There are 2 protein chains.
Amino acid sequence: MATDQLSVIFGALADPTRRAILARLADGPATVNELAEPFAITLPAISKHLKVLERAGLISRGREKQWRPCRLEAEPLREATEWMSRYRQFWESSFDKLDAHLRTILKGPEQ
Amino acid sequence: MATDQLSVIFGALADPTRRAILARLADGPATVNELAEPFAITLPAISKHLKVLERAGLISRGREKQWRPCRLEAEPLREATEWMSRYRQFWESSFDKLDAHLRTILKGPEQ
DNA sequence: GTGGTAGTTTACCGACTAGCTAATTAACCG
DNA sequence: CGGTTAATTAGCTAGTCGGTAAACTACCAC
């Protein structure tokens, strides 16, 4: 994967396990074991995912006794959303097209 | 990469060449050679990128004589933005934190 | 037909990724 | 100290990714 910040962010989001970890962290900080619990993968695999998320700036990690609590950092999501917002006009216009299409359908078959 | 739709979308966006292609397509449809022109990579590489973008639903392709014009399809970007919007409160609140931090700094060093 | 232009497919390569197991570090508890 | 829990590191495998060169398809013009 490329090393520019947006690529790292999108790359981190391109994995359902990592997105699920972010979703869990939206409910508050959690330890690595707590984050791992819902998944059928080993702790080292989770550890790697956390490193990817950390590199993307999507989480930060503290130190408390023997635990290393993770917390959500959403700033990169703001950046990513900002990048996408440039295209908003396009999906809004395609929504308009869908809307028009639905209207046509709801008018019933032309005969 | 995982095969769920969001993963495919984010995976497609996790490459600067592909994001540049989308940016170019925001100015209107283009042929493969037109899209390839700004890049120092071969045509087959561009062809692969286009396939990734197509699989993510980010572009669609027509057929006109010997050309296969590409056009932007922004609907997946809407989906991705929608997914991220769940976290908006977090980046807004961390902006608040930054704001507060800056205020603290601007008050000058406490002594 | 020949030849040129537009683009894709195939086969290959090196780098990276996601997963595993096993070993290791770090911090606590008794 | 030894034992337990929390988490990371190391080393491996299998698969994917971004790129290439070479061959192929499709269309147009002569």
Side-chain angles (χ1 to χ4, degrees), chain A residues 1-25 28-72, chain B residues 1-25 28-72:
Chain A
M1 193 207 317
T3 52
D4 66 288
Q5 192 56 18
L6 268 178
S7 296
V8 173
I9 295 168
F10 284 130
L13 296 177
D15 181 290
T17 302
R18 288 195 287 262
R19 290 198 306 278
I21 288 174
L22 293 180
R24 163 65 187 79
L25 289 176
T31 67
V32 178
N33 271 291
E34 283 166 355
L35 291 174
E37 195 272 327
F39 304 104
I41 62 179
T42 59
L43 225 65
I46 297 289
S47 211
K48 278 194 188 179
H49 282 307
L50 294 178
K51 228 189 266 185
V52 173
L53 290 169
E54 195 175 19
R55 191 161 97 89
L58 286 161
I59 64 170
S60 64
R61 321 175 77 175
R63 229 168 227 250
E64 198 176 326
K65 301 186 173 176
Q66 68 261 221
W67 295 282
R68 251 136 292 187
C70 302
R71 73 168 54 250
L72 183 64
Chain B
M1 192 207 318
T3 51
D4 65 288
Q5 192 56 18
L6 268 177
S7 296
V8 173
I9 295 168
F10 284 129
L13 297 177
D15 182 288
T17 302
R18 287 194 290 263
R19 290 197 305 277
I21 289 174
L22 293 180
R24 163 62 187 82
L25 289 176
T31 67
V32 178
N33 271 291
E34 284 166 354
L35 292 175
E37 194 272 327
F39 303 103
I41 61 180
T42 57
L43 225 64
I46 296 290
S47 210
K48 278 192 186 180
H49 284 307
L50 293 177
K51 228 190 265 185
V52 172
L53 289 169
E54 194 174 21
R55 191 161 95 90
L58 285 161
I59 65 169
S60 65
R61 322 175 77 175
R63 229 167 227 254
E64 197 175 326
K65 302 187 174 175
Q66 68 261 224
W67 298 281
R68 250 136 290 187
C70 301
R71 70 170 54 251
L72 182 65

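Every chain is numbered from 1, with letters handed out A, B, ... down the list of sequences. Quantities reported herein were computed from a predicted structural model and do not represent experimental measurements.
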Gap between atoms NZ and C1', on B:Lys48 and D:dT20 respectively (whole Å): 9 Å
Rounded distance (Å) that lies between atom P of D:dT5 and atom CH2 of A:Trp67: 12 Å
5'-most by nearest nucleotide on DNA chain C - B:Ser47 or A:Arg63: B:Ser47
A:Phe39 and A:Ile21, any side-chain heavy atoms less than 4.5 Å apart: yes
A:Arg18 side-chain N/O to C:dA18 phosphate OP1/OP2 under 4.0 Å: yes
Which nucleotide in D:dG19, D:dT20, C:dA18 has an atom nearest any side-chain atom of B:Thr42: D:dT20
Side chain proximity check, B:Asp15 to A:Ser7, heavy atoms < 4.5 angstrom: no
Distance, rounded to the nearest Å, where B:Phe39 contributes CZ and C:dG7 contributes C1': 17 Å
Pairwise distance CZ(B:Arg24) to CG(B:Leu72) - rounded to 0.5 angstrom: 11.0 Å
Nucleotide nearest B:His49 (side chain, heavy atoms from C-beta), chosen from D:dT20, D:dA7, D:dG18: D:dG18
A:Ile9 vs B:Leu13 side-chain heavy atoms within contact, under 4.5 Å: no
Nearest-angstrom distance from the residue atom CD of B:Gln66 to C1' of D:dC28: 6 Å
Options C:dT9, C:dA18, C:dC20, nucleotide nearest the side-chain atoms of B:Lys51: C:dT9
Sugar-phosphate, base or nothing in reach of A:Ala14, heavy atoms under 4.0 Å: nothing
SB check A:Arg19 B:Asp4 (cutoff 4.0 Å): yes
Phosphate OP1/OP2 of D:dT8 contacted by A:Arg61 side-chain N/O (<4.0 Å): yes
Among D:dG18, D:dT9, C:dT9, the nucleotide that comes nearest once only the side chain of A:Pro44 is considered: D:dT9
Spacing of A:Lys51 atom NZ and A:Ile46 atom CD1 [to the nearest 0.5 Å]: 14.0 Å
Rounded distance (Å) that lies between atom C1' of C:dG7 and atom CD of B:Glu54: 13 Å
Short side-chain N/O contact to D:dA7 OP1/OP2 from A:Asn33, under 4.0 Å: yes
Whole-Å gap separating P (C:dT17) and CG (A:Asp15): 12 Å
Interatomic distance, A:Ile46 CD1 vs C:dA18 C1' [rounded to whole Å]: 11 Å
Nearest-Å distance for atom pair CZ/P, residues A:Arg68 and D:dT5: 16 Å
Per A:Ile41 side chain, nearest of listed nucleotides C:dC12, D:dA6, C:dC20: C:dC20
Per B:Thr31 side chain, nearest of listed nucleotides D:dA22, D:dC27, C:dG7: C:dG7
Residue whose closest nucleotide on DNA chain C lies nearer the 5' end, A:Leu43 versus B:Pro69: B:Pro69
Shortest side-chain distance from B:Lys65, nucleotide among C:dA26, D:dC28, D:dG19: D:dC28
Side chain of B:Ala45 (C-beta onward), nearest among D:dA10, D:dG19, D:dA7: D:dG19
